[in-house]
Every structure is written in structure tokens, then in C-alpha cells.
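Worth knowing before you read on, the calculation uses all heavy atoms, side chains too, and leaves out hydrogens, waters and symmetry mates. In what follows, chains are A, B, ... by sequence order, proteins preceding strands, each numbered from 1.
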There are 2 protein chains.
Amino acid sequence: MPRLSQMTDSATVARAGKRDRLVEAARDLFHRNGVERTTLADIAKESDVPLGNVYYYFKTKDDIVHAVIDAHADQIRELFRTLDRHRGPRARLIAFTREIARSGPVVADHGCPLGTLCSELGRRGDDLSEAAATLMRLRVEWASEQFRLMGRKDATNLAVTLVSTIQGAALLANSYRDPAVLTGQTRYLRRWINDLA
Amino acid sequence: MPRLSQMTDSATVARAGKRDRLVEAARDLFHRNGVERTTLADIAKESDVPLGNVYYYFKTKDDIVHAVIDAHADQIRELFRTLDRHRGPRARLIAFTREIARSGPVVADHGCPLGTLCSELGRRGDDLSEAAATLMRLRVEWASEQFRLMGRKDATNLAVTLVSTIQGAALLANSYRDPAVLTGQTRYLRRWINDLA
DNA sequence: GTCTATATATTGATAGAC
DNA sequence: GTCTATCAATATATAGAC
């Protein structure tokens, strides 16, 4: 996947522009309606790209799904780069939970963008299944590193608890159509983090 | 929806038999492949019922989804009737977490049957969305009652924490394809329950 | 690189004989 | 109540002119 900074001629720039628009539209539609219910025609329409032209950028629908997963991964890594600026691991974890809490309203409406993707793709047992799981791993590994820096031997277990609590709260917040379910659980998590030795 | 005990003539018995088979097959396929990826032909084949005959029992595919949700609800209520035999609320909650842990392997393979259903239907915003949410509510309300019996004023919040922790662990167990993620979190939950005043 | 037209397959759903 | 045949709509994907 070429990066914008590597683009030179106008053709390649146009390519990146349309490709990015397609991925962005697909990401949004996958989140709102799910992968299975989103058609290529939906993505093409939302991107303002003719349907036939989509296949110049992506050979199959699964290729688009993969690109969306990559886009999510990039965003996750970018968030963690920002959070890593905090002075200590505990402050970073707390900041992470606040970031999650900020997503309450959209999660209540359409679920967690990562969680719903993993839930939908997790059963397939193909390469997309594993690619989606990577999104969860990114969070778990980052959190695990923070707990490790706090001197915890059970860092991985704590990280799994943190990430899964967020995912469960997101599912319930969506079911109840109530952002408070998610924000309430993040508040609980902050207390939990602060109480750790 | 007629009950088996009300059946008399052979026609009605056959009706219930086929209907039950269709619902059971649909429930299994929805769990393994998701609602959207499951076709009526799949359900018909698995039930050994001709495709055209499915429409005698269900007007639309959504009607089958609704019937599956009802079947889940019945099973949930039945489990709670069993758990209610335990002497106290704390023992009932502990038993519940053990029941969840027992589902580790199947959850690692295909996700939580209830969670994936709520995740898939939750975004639709229609009546099926609300029907699926009822499955989560059943668990939350039962758990809430137990915490209330334990004298907790924040019973509902505790119940939400319990149920969402299970759902999050189920999602991660499926992503990691590792039952231990779910069983580990239920162990954590049992300690949490026992530590409550 | 772009876009219209269309092939091909699959789906939910119906018709109508039995 | 049952089941075969099939419709109509929709989906992914391709062909080929520009």
C-alpha cells in the first residue's frame, strides 16, 4: 500500500485520493451497517466513485475489508503514540479510558467499530478473521506494556481484563442504546487502575 | 406460538416438529455463521425441510430471527430457574459464572451466541434490535436481583459490570481463539463477587 | 485510469400442483 | 400441509469503450 508521501505524478495522487475515499466510506458503512450488509454499490456511492471503478483499486470486497482493518490499525497506533506522551504508564492507561468514554454516543448508536468488526469477522476463521483480531491484540499489547511498566507480573491478564471490559461495555451500551453504560464502566476501570499497587 | 403440550392431532404435531427443527437449525447457523451469512436454503437443508415449505412456518427471514431470539430467551430463563435453586444469591452468581466458563470452547470457536446476535442486530435499530437486546436485559435483571438480595444498593451497576465483563471476555476469547480468556475472566469475576461486602 | 453496461450467481420470496 | 419450480431483486464481479 503506497503512502501519500511517496506520491509524485497526478495519476498516482488521484489513485491515492480515490482509494482513501473508498476505504473511509467502507469503514464508516461497515461500522454503521456491518460488513455483510454493506454492498460495493453502497461504498461506491458514498465515495462518489463509479461502481466499476472500485475494482481498479480492490480486486474483491474482502480486499476492501482488509484495507479497512489496516486503516483501523493505523488509527489505533496513532492514538497510542499520542497517549505515550503522558508521563507515566498509569496516566497513559487513565487517558486511554477517557478516550474510550468520549466515544460513548457513537458506540451507543452503532457499537464499537473494532468490536463489531471482530465479532462479525471472528467466526469466519479465515485470514480476515485473524486480521481483525490483530486490532484487539494492538490494544492488549499496548495496555500490557503499561501494566508491565507499573511493575505488574500479571500485566497481560490485566490488559485482557481492561480491553475485554471495554468491549463488553460497548456491546451493552449499544444494546441499551445508552452511552452511560460505557462511560460508567470506564469510570469503574479508572478506579480499578488507580487501586492497583 | 403453540406449545408442545397443547398439540393433539398429527398435523399439529408435525407442524411443531418441523418448526422446532427449523428454529434449532437457524439458531445453530446464526451462531456459527451469523444471521446475514445464513441463507434460508442453509436453514432448510440443515432442518431437512424443503425450501418452499419454510414459508409455511415463517413469512419472512426476520420472523425466523425473532423465533430464534425467543428460543434463546426461553433457554436463558430455564437456566436461571435452575440456578435459583442454590441457597443464596452469592452462590447463584458464582454458579452462573461457572456455567459461562463451561461454554469456553464453543465461545472461542464461534463467539457468544447471545453476544454475536446482539452485536449483529444491535446496529439495525429495528424491532429485532430491541428483541435481541432483551437477551442481555434478562441476564442483567437476574444478576441485579441477586446483588439486590445481597443488600447492594448499586445492584444494577454491578449486574451491568458482570454481564459486560462476560461479553467482552467472550469477544476476546473468540478473537484469540482461546477459551482460557473466558475462563480466566470468570475466575476473576468469582473473586470479585466473593470480595463484595 | 475512468466509467457504462452487463454478465453471473445468489438471495428472499411466491405460485401453484399435489 | 407439502414441495417443485421459478420469479424478482440484489450482489459481486467483469468486459470493454474511452
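Nucleotide dA15(D) holds its P atom 16 Å from the CG atom of N53(A), rounded to whole Å. Across the protein-nucleic acid pair, E36(B) atom CD and dA11(D) atom C1' stand 12 Å apart, rounded to whole Å. dA5(C) atom P lies 19 Å from atom CG of L40(A), rounded to whole Å. Computed from coordinates, the Y57(A) OH to dT12(D) P distance equals 19 Å when rounded to whole Å. Between L51(A) atom CG and dT2(C) atom P the separation is 15 Å, expressed in whole Å. Distance, D48(A) CG to dT2(C) C1': 13 Å, rounded to whole Å. With rounding to whole Å, F58(B) atom CZ is found 16 Å from dT2(D) atom C1'. For R19(A) and dG1(C), the CZ to P distance is 12 Å, given to the nearest whole Å.
In summary, E130(B) and R137(B) engage in a salt bridge, as defined by a charged side-chain N under 4.0 Å from a carboxylate O. Between R21(A) and E24(A) there is no salt bridge, since no side-chain nitrogen of the basic residue lies less than 4.0 Å from a carboxylate oxygen of the acidic one.
Checking the phosphate oxygens (OP1, OP2) of dA13(D), a side-chain nitrogen or oxygen of Y55(A) falls inside 4.0 Å. The phosphate of dG1(D) (OP1 or OP2) has a side-chain N or O of Y56(B) nearer than 4.0 angstrom.
Using cut-offs of 30° and 60° on the angle between ring planes, the pair W142(A) and F80(A) is parallel.
Of the two residues near DNA chain D, G52(B) and D62(A), the one whose nearest nucleotide lies more 5' is G52(B).
A donor-acceptor contact under 3.5 angstrom links the side chains of R190(B) and T97(B), judged on distance only.
Counted within 6.0 Å of CZ on R177(A), heavy atoms from surrounding residues, nucleotides or ligands total more than 12; the atom is thus considered enclosed.
When distances are taken from the side chain of T39(A) to each of dC3(D), dA11(D), dT11(C), the shortest belongs to dA11(D). Of the listed nucleotides (dC3(C), dT4(D), dA13(C)), dC3(C) has the atom at the smallest distance from the side chain of K18(A). With distances taken from any side-chain atom of P50(A) to the nucleotides dT4(C), dA13(D), dT2(D), the minimum falls on dT4(C).
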